[in-house]
Asks: 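One structure coming up, written as structure tokens, with questions to follow.
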There are 2 protein chains.
Amino acid sequence: MMKIGELSKVTGCSVQTIRHYEKEHLIASAERSEGNFRLYDEAAVEQLLFIKQCRSLDLSLPEIRQLLALNRSPGAQCDDVNRMMDKHIEQVEARIQELTKLNEQLGMLRRSCSNRRTVEQCGILRNLSATPASSG
Amino acid sequence: MMKIGELSKVTGCSVQTIRHYEKEHLIASAERSEGNFRLYDEAAVEQLLFIKQCRSLDLSLPEIRQLLALNRSPGAQCDDVNRMMDKHIEQVEARIQELTKLNEQLGMLRRSCSNRRTVEQCGILRNLSATPASSG
DNA sequence: ATAAACTCTATAGCAACTATAGAGTCAATC
DNA sequence: GATTGACTCTATAGTTGCTATAGAGTTTAT
């Protein structure tokens with residue numbers, strides 16, 4: 001059994017984040033020592049590493065909670081896992097497209113100005129101040 | 001002079017957002033009617049449209065606050081504008097790269113599973129549970 | 001006068017953490 | 001045993017840019 005600081009070291013999750021995950025019901029409430037310190041076993045390590053892996057994939061806490069629940073039903077179909085992953089991939093791809101488009105807009109805006117101008121002559125600020133053209 | 005609801009209609013900013021911007025000092029505190037209703041002129045419309053344009057470019061409120069301040073010094077050099085824009089572009093590009101990499105990882109993970117499997121056999125969950133290989 | 005629409009301020013919530021305060025516990029050292 | 005520093009605890013607040021709601025006041029039209 002290890003205390004929270006040790007678990008933090010082993011998993012790379014901060015003490016506060018571990019407590020947060022407990023509060024958010026991603027991990028079970030820990031057993032306590034006589035002094036009321038949380039005590040963790042090897043299963044907690046594995047669970048936290050799982051959570052950390054999911055977070056690195058930008059999965060949300062509710063999504064991770066769901067995956068953890070599915071993981072507790074080994075005989076169940078994993079359709080839900082696939083479905084979640086598909087949806088998540090879609091969302092990431094959509095965000096990439098948004099940002100790519102934004103990047104183009106920013107590039108155009110940036111090219112409307114160069115250094116050694118005054119604010120009055122600044123192409124960026126002028127474009128930001130212009131009412132957008134009626135795009136049909 | 002118009003009331004906040006009218007300003008909201010004209011600019012497409014919600015009433016609550018307008019009040020929020022006032023509280024965050026993006027726009028000046030409005031004059032008030034006898035009944036304590038906020039009163040706005042045409043300059044407020046322009047300012048809100050400017051803010052809205054900046055938000056559509058994902059500029060943060062502090063960044064927009066800065067641009068608004070620069071806009072009030074027409075004779076000043078617009079170097080800061082360019083610098084901010086450059087930095088913002090970098091950040092967007094970095095985020096695109098992150099997400100692109102994430103998308104690849106998600107794709108690989110997704111291909112490790114297909115439908116009609118149990119949780120126990122699920123390639124996604126297995127990979128999520130595996131300790132990452134020591135990548136040097 | 002009434003009722004509906006509008007406006008106001010204050011507060012809380014969202015997501016996933018992160019920090020801090022004040023108090024308690026533990027372990028090592030003297 | 002006393003002391004001290006490290007660790008742990010709970011509670012609360014903050015971050016960002018909104019968004020919603022409650023309860024109360026104002027305005028407008030009938």
Side-chain angles (χ1 to χ4, degrees), chain A residues 1-27 29-40 44 47-48 50-68 84 87-88 91-92 95 98-99 102, chain B residues 1-40 44 47-48 50-68 87-88 91-92 95 98-99 102:
Chain A
M1 299 298 259
M2 67 188 80
K3 281 181 287 187
I4 196 168
E6 189 61 37
L7 181 63
S8 170
K9 280 217 198 69
V10 165
T11 60
C13 279
S14 73
V15 162
Q16 292 146 339
T17 302
I18 295 171
R19 286 201 203 101
H20 177 64
Y21 287 159
E22 177 183 304
K23 191 172 175 194
E24 295 292 324
H25 297 113
L26 274 102
I27 60 177
S29 297
E31 285 182 48
R32 300 293 181 119
S33 70
E34 276 211 14
N36 200 33
F37 286 16
R38 290 170 171 82
L39 299 174
Y40 297 97
Q47 220 169 7
L48 270 178
F50 181 90
I51 293 168
K52 217 164 155 278
Q53 191 89 315
C54 292
R55 285 299 301 137
S56 77
L57 298 174
D58 260 8
L59 289 162
S60 67
L61 297 194
E63 282 169 333
I64 299 169
R65 209 179 282 123
Q66 198 181 343
L67 289 179
L68 287 166
M84 185 191 300
K87 189 178 150 206
H88 189 54
Q91 286 168 343
V92 171
R95 185 66 183 143
E98 279 174 26
L99 287 175
L102 171 62
Chain B
M1 299 299 259
M2 67 189 82
K3 282 181 289 188
I4 197 167
E6 189 61 38
L7 181 64
S8 171
K9 280 216 196 70
V10 166
T11 60
C13 279
S14 73
V15 162
Q16 293 146 339
T17 302
I18 296 171
R19 288 202 203 99
H20 177 62
Y21 288 159
E22 178 183 303
K23 191 174 173 192
E24 296 293 326
H25 298 114
L26 274 103
I27 60 178
S29 297
E31 287 181 47
R32 298 292 179 117
S33 70
E34 277 212 10
N36 201 33
F37 285 18
R38 292 171 171 80
L39 299 174
Y40 297 98
Q47 218 168 11
L48 269 179
F50 181 91
I51 293 168
K52 216 165 156 275
Q53 189 90 315
C54 293
R55 286 297 301 134
S56 77
L57 297 175
D58 259 9
L59 289 162
S60 67
L61 297 194
E63 282 169 333
I64 298 168
R65 208 178 286 122
Q66 199 181 344
L67 288 179
L68 287 166
K87 188 177 150 205
H88 190 52
Q91 286 166 344
V92 170
R95 186 63 184 145
E98 280 174 25
L99 286 175
L102 172 61

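Within every chain, numbering begins at 1; the chains are lettered A, B, ... in the order of the sequence lines, protein sequences first and strands thereafter.
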Asks: Could you walk me through whether B:Glu31 and B:Arg38 satisfy the side chain to side chain contact (heavy atoms under 4.5 Å, CB included) test, starting with their C-alpha distance in whole Å, then the side-chain angles of each, then the deciding distance to 0.1 Å, before giving a yes or no?
Replies: CA-CA 6 Å; B:Glu31 287 181 47; B:Arg38 292 171 171 80; over 6 Å; no
Asks: Quick one: which of C:dA16, C:dT11, C:dC8 gets closest to the side chain of A:His20?
Replies: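 Side chain of A:His20 sits closest to C:dA16.
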Asks: Name the closest nucleotide to the B:Lys3 side chain, picking from C:dA16, D:dT28, C:dC8.
Replies: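 In terms of side-chain proximity for B:Lys3, the closest of C:dA16, D:dT28, C:dC8 is D:dT28.
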Asks: Report yes if at least one side-chain N or O of A:Ser14 is closer than 4.0 Å to OP1 or OP2 of C:dC17; otherwise report no.
Replies: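 No, A:Ser14 has no side-chain N/O under 4.0 Å of OP1/OP2 on C:dC17.
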Asks: Atom CZ of A:Arg65 to atom C1' of C:dA16: distance rounded to whole Å?
Replies: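 Going from CZ in A:Arg65 over to C1' in C:dA16 covers 11 Å.
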Asks: Between D:dC18 and B:Arg55, is there an OP1 or OP2 to side-chain N/O distance shorter than 4.0 Å?
Replies: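 For D:dC18, OP1 or OP2 has a side-chain N or O of B:Arg55 closer than 4.0 Å.
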Asks: Taking the minimum atom-to-atom distance to the side chain of A:Gln16, which one of C:dT7, C:dT18, D:dT8 wins?
Replies: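 Nearest nucleotide to the side chain: C:dT18.
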Asks: Rounding to a whole Å, what distance do you find between B:Arg19:CZ and C:dC6:P?
Replies: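 One finds 13 Å between P of C:dC6 and CZ of B:Arg19, rounded.
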Asks: What nucleotide, of D:dT8, C:dC8, D:dT28, holds the atom closest to the side chain of B:Ile4?
Replies: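 Taking heavy atoms from C-beta onward, the closest nucleotide is C:dC8.
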Asks: Do any side-chain nitrogens or oxygens of B:Tyr21 fall under 4.0 Å of OP1 or OP2 in D:dC18?
Replies: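 Indeed, a polar side-chain atom of B:Tyr21 lies that close.
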Asks: Any side-chain heavy atom of B:Tyr40 within less than 4.5 Å of one from B:Leu48?
Replies: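 No; the side chains remain at least 4.5 Å from each other.
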Asks: Given that A:Val15 and B:Gly35 both sit by DNA chain D, which one's nearest nucleotide is further toward the 5' end?
Replies: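 By nearest-heavy-atom nucleotide position, the 5'-most residue is A:Val15.
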Asks: How close or far is atom C1' of D:dG17 from atom CD of B:Glu24, stated in whole angstroms?
Replies: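 B:Glu24 atom CD is separated from D:dG17 atom C1' by 8 Å.
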Asks: Using a 4.0 Å heavy-atom cut-off across all strands, classify B:Arg38 as base, sugar-phosphate, or nothing.
Replies: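 Here B:Arg38 touches the backbone only, sparing every base.
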Asks: Without decimals, in angstroms, what is the distance between A:Leu7 CG and D:dT8 C1'?
Replies: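 Between C1' of D:dT8 and CG of A:Leu7: 14 Å.
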Asks: Looking at B:Gln91, I want to see if its CD is surrounded by more than 12 non-hydrogen atoms of other residues, nucleotides or ligands under 6.0 Å.
Replies: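 Above 12, so yes.
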Asks: Taking the side chain of A:Pro62 as its heavy atoms from C-beta onward, which of C:dT25, D:dC18, C:dA16 lies nearest to it?
Replies: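 Nearest nucleotide to the side chain: C:dA16.
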Asks: Without decimals, in angstroms, what is the distance between A:Ile64 CD1 and C:dA15 C1'?
Replies: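 My rounded result for the distance is 12 Å.
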Asks: Within the structure provided, determine whether B:Arg95 and A:Arg95 are in side-chain contact (heavy-atom separation under 4.5 Å).
Replies: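 A side-chain contact under 4.5 Å is absent here.
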Asks: Can you work out whether A:Thr17 or A:Asn36 has the more 5'-proximal nearest nucleotide on DNA chain C?
Replies: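 Whichever sits nearer the 5' end wins; that is A:Thr17.
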Asks: A:Glu22 has an atom CD; how far is it from atom P of D:dA11, in whole Å?
Replies: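 Roughly 12 Å, once rounded to whole Å.
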Asks: Phosphate oxygens OP1/OP2 of C:dT25: is one of them under 4.0 Å from a side-chain N or O of A:Ser33?
Replies: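 So the side-chain polar atoms of A:Ser33 never come under 4.0 Å of the phosphate oxygens OP1 or OP2 of C:dT25.
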Asks: Would you mind checking if B:Arg19 and B:Glu22 are paired as a salt bridge, meaning a charged N to carboxylate O distance below 4.0 Å?
Replies: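 Looking at B:Glu22 and B:Arg19, the cut-off is not met.
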Asks: Starting from P on D:dT16, measure out to CG on B:Leu26 and report it in whole angstrom.
Replies: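 Checked: the CG to P distance equals 13 Å.
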Asks: Taking the side chain as C-beta and beyond, is there a heavy-atom pair between B:Lys3 and B:Leu39 under 4.5 Å?
Replies: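 Yes - at least one pair of side-chain heavy atoms lies under 4.5 Å apart.
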Asks: How do B:Lys23 and A:Leu61 order along DNA chain C: which one's closest nucleotide is nearer the 5' end?
Replies: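 Of the two residues, B:Lys23 wins.
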Asks: A:Phe37 CZ to C:dA27 C1': how many Å, rounded?
Replies: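 Answer to the nearest Å: 11 Å.
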Asks: Is the phosphate of D:dT10 approached by A:Arg32 (side-chain N or O, under 4.0 Å from OP1 or OP2)?
Replies: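 Checking D:dT10 against A:Arg32, a side-chain N or O does come within under 4.0 Å of OP1 or OP2.
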